[in-house]
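Before any comments, here is the structure.
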Amino acid sequence: MNTNQLPQAVQELLENNKKQTTSHRELIRSGGYLPPSEELLIDAIVALSMGKNILLKGPTGAGKTKFAETLSSLFERPMYSVNCSVDLDAESLMGFKTLTYEEEKQTIQFVPGPVTNAMKQGSFLYIDEINMAKPETLPLINGVLDYRRTITNPFTNEIVTAADGFGVIAAINEGYIGTVPLNEALKNRFIVIDVPYIQGEQLEQLITDSTNLTDKQLISHFVTLSNDLITAVSQGNLSEDAASIRALLDACDLSIYLPPKRAILRSIVDKLEEDREKAFVENLADTLF
């Protein structure tokens, strides 16, 4: 992503907060997110540069994970990831103890988890679908998310203090089965950034950059299809899954070798649960391809 178009003050802020590291560079993501508006990127860069945590909120497939990966790339900072679920526990966050052998003697070794690694190395921590975790699990890291930037490892009793450069990026899909509302104490530890669907020229550029599809007319039709799907979602005619940008990009790739309508069937239609929604999307595709 070209950052030269950002305001000079923001460019300087980003440059001053880049992480100079030679280790774990494989965890510096490739980026590629094209924000619907420049303000989204500016706000995220400013918040992270000031040591704030950011919460990316938006529909599924809008590009929240890709946005986080792009921030990792821009700051040149490795990013550890936590994928939340009802099974998330302290070991998944902090690490676990295991038996190992040293000089033929059995010893107990602690294997650090993503929170511990990110804090000690001054890296980014990405918490995906944070509202899928059990409410009793996340308070463990409240101290990580506020001004203290410390945590007591429950498995080793070590007090871990975050190194310079540590930052937390979380993502949330609201209203999905299995999710729970974030409590106010947790939500207040974040700067919230609403991530909408990418549309128009940005989506056309994303398709060109992220897929192997080169047919300009087909790309234009897929952009129109995406706009129609997003409109249908906003009107309550379709679930958010139907307008996933991730699914649309899959359809673009498949359409290089498959008829576009069959690519849409495999990537979008067959993921939907209701026959009414399936027929709705197929009818939209029929008008374009």
Side-chain angles (χ1 to χ4, degrees), residues 1-2 5 29-38 40-41 44 56-74 79 81 83 126 128-129 171 173 176 194-289:
M1 174 177 292
N2 183 9
Q5 297 177 353
R29 311 302 180 172
S30 59
Y33 178 74
L34 298 173
S37 69
E38 190 180 75
L40 263 69
L41 190 59
L56 306 178
K57 184 177 70 170
T60 182
K64 297 184 293 297
T65 299
K66 183 62 72 174
F67 192 0
E69 292 176 347
T70 298
L71 291 168
S72 168
S73 175
L74 290 176
M79 187 171 74
S81 298
N83 295 307
Y126 178 58
D128 194 17
E129 298 190 47
N173 295 323
Y176 277 64
D194 203 340
V195 182
Y197 287 116
I198 297 172
Q199 293 182 268
E201 292 181 2
Q202 285 95 353
L203 179 56
E204 185 174 334
Q205 188 63 49
L206 181 64
I207 294 172
T208 301
D209 293 343
S210 303
T211 76
N212 294 316
L213 185 62
T214 57
D215 187 311
K216 297 295 184 182
Q217 185 175 17
L218 268 183
I219 291 175
S220 177
H221 288 328
F222 274 114
V223 170
T224 302
L225 174 65
S226 178
N227 182 68
D228 292 344
L229 292 174
I230 292 170
T231 300
V233 168
S234 67
Q235 294 173 344
N237 294 320
L238 291 174
S239 61
E240 286 184 348
D241 291 345
S244 167
I245 301 299
R246 187 184 304 116
L248 185 85
L249 295 178
D250 286 340
C252 290
D253 267 332
L254 291 180
S255 69
I256 298 170
Y257 299 101
L258 301 180
K261 287 194 287 187
R262 199 156 91 227
I264 294 166
L265 178 70
R266 302 305 180 211
S267 302
I268 301 174
V269 175
D270 284 347
K271 294 178 182 178
L272 302 175
E273 299 293 333
E274 296 184 15
D275 290 339
R276 175 191 62 81
E277 290 192 341
K278 292 181 179 182
F280 192 101
V281 177
E282 287 183 300
N283 287 337
L284 286 179
D286 285 338
T287 65
L288 293 168
F289 300 98

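The figures that follow rest on heavy atoms only: side chains count, while hydrogens, waters and symmetry mates do not.
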Contact list for residues 278-289, test salt bridge (Lys or Arg N to Asp or Glu O under 4.0 Å), sequence neighbours left out: Lys261-Asp286
statement: Residue pairs passing the ring-ring contact (aromatic ring centres under 6.0 Å, His included) test with at least one member in residues 269-289, sequence neighbours excluded, are His221-Phe289, Phe222-Phe289
statement: Correct closest heavy-atom pair for Pro35 and Leu40 would be CB-CB, 4.3 Å
task: Could you grab the distance from atom CG of Leu254 to atom CG of Leu249, nearest 0.5 Å is fine?
output: 11.0 Å
message: Looking at Asp270 and Arg266, would you say the former's side chain and the latter's main chain have a donor-acceptor pair under 3.5 Å?
response: no
Nearest heavy-atom neighbours spanning Ile245 and Leu203: CG2-CD1, 4.1 Å
message: On a heavy-atom basis, which atom in Leu258 and which in Arg262 lie closest, and how many Å separate them?
response: CD2-NH2, 3.3 Å
- prompt: Does Lys216 offer a backbone N or O that forms a donor-acceptor pair with the side chain of Ser220 under 3.5 Å?
  reply: no
task: State the CG-CG distance between Asn83 and Asp128, to the nearest 0.5 angstrom.
output: 5.5 Å
Approximate separation, where rounding is to 0.5 Å, of Leu71 CG and Leu56 CG: 7.5 Å
query: Under 3.5 Å, is there a donor-acceptor pair between the side chain of Ser255 and the main chain of Cys252?
result: yes
Partner residues of Glu274 under the salt bridge (Lys or Arg N to Asp or Glu O under 4.0 Å) criterion, sequence neighbours left out: Arg276
- prompt: Does some side-chain heavy atom of Thr65 sit less than 4.5 Å from a side-chain heavy atom of Tyr33?
  reply: no
query: Would Lys271 and Asp241 satisfy side chain to side chain contact (heavy atoms under 4.5 Å, CB included), going step by step from the backbone distance to the final call?
result: CA-CA 8 Å; Lys271 294 178 182 178; Asp241 291 345; 6.0 Å; no
- prompt: Can any side-chain N or O of Asp253 pair as donor or acceptor with the backbone N or O of Asn212 at less than 3.5 Å?
  reply: yes
- request: Work out which heavy atom in Ile207 is nearest to a heavy atom in Thr211; give both atom names and the distance.
  value: O-OG1, 2.7 Å
- line: Between Val195 and Pro59 the two heavy atoms that sit nearest each other are O-CD, 3.5 Å
statement: Interatomic distance, CD1@Ile230 vs CG@Leu238, rounded to 0.5 Å, equals 11.5 Å
query: If you look at every heavy atom in Gln202 and Pro36, which pair is closest and at what distance?
result: NE2-O, 3.3 Å
- request: Please round to the nearest 0.5 Å and tell me the distance separating atom CD of Glu204 and atom CG of Leu34.
  value: 11.5 Å
query: Rounded to the nearest 0.5 Å, how far does CG of Leu218 lie from CD1 of Ile256?
result: 9.5 Å
query: Any ion pair linking Arg246 and Asp250 (charged N to carboxylate O, less than 4.0 Å)?
result: no
task: Just do the side chain to side chain contact (heavy atoms under 4.5 Å, CB included) check on Asp228 and Leu288 with the steps written out, would you?
output: CA-CA 11 Å; Asp228 292 344; Leu288 293 168; 4.2 Å; yes
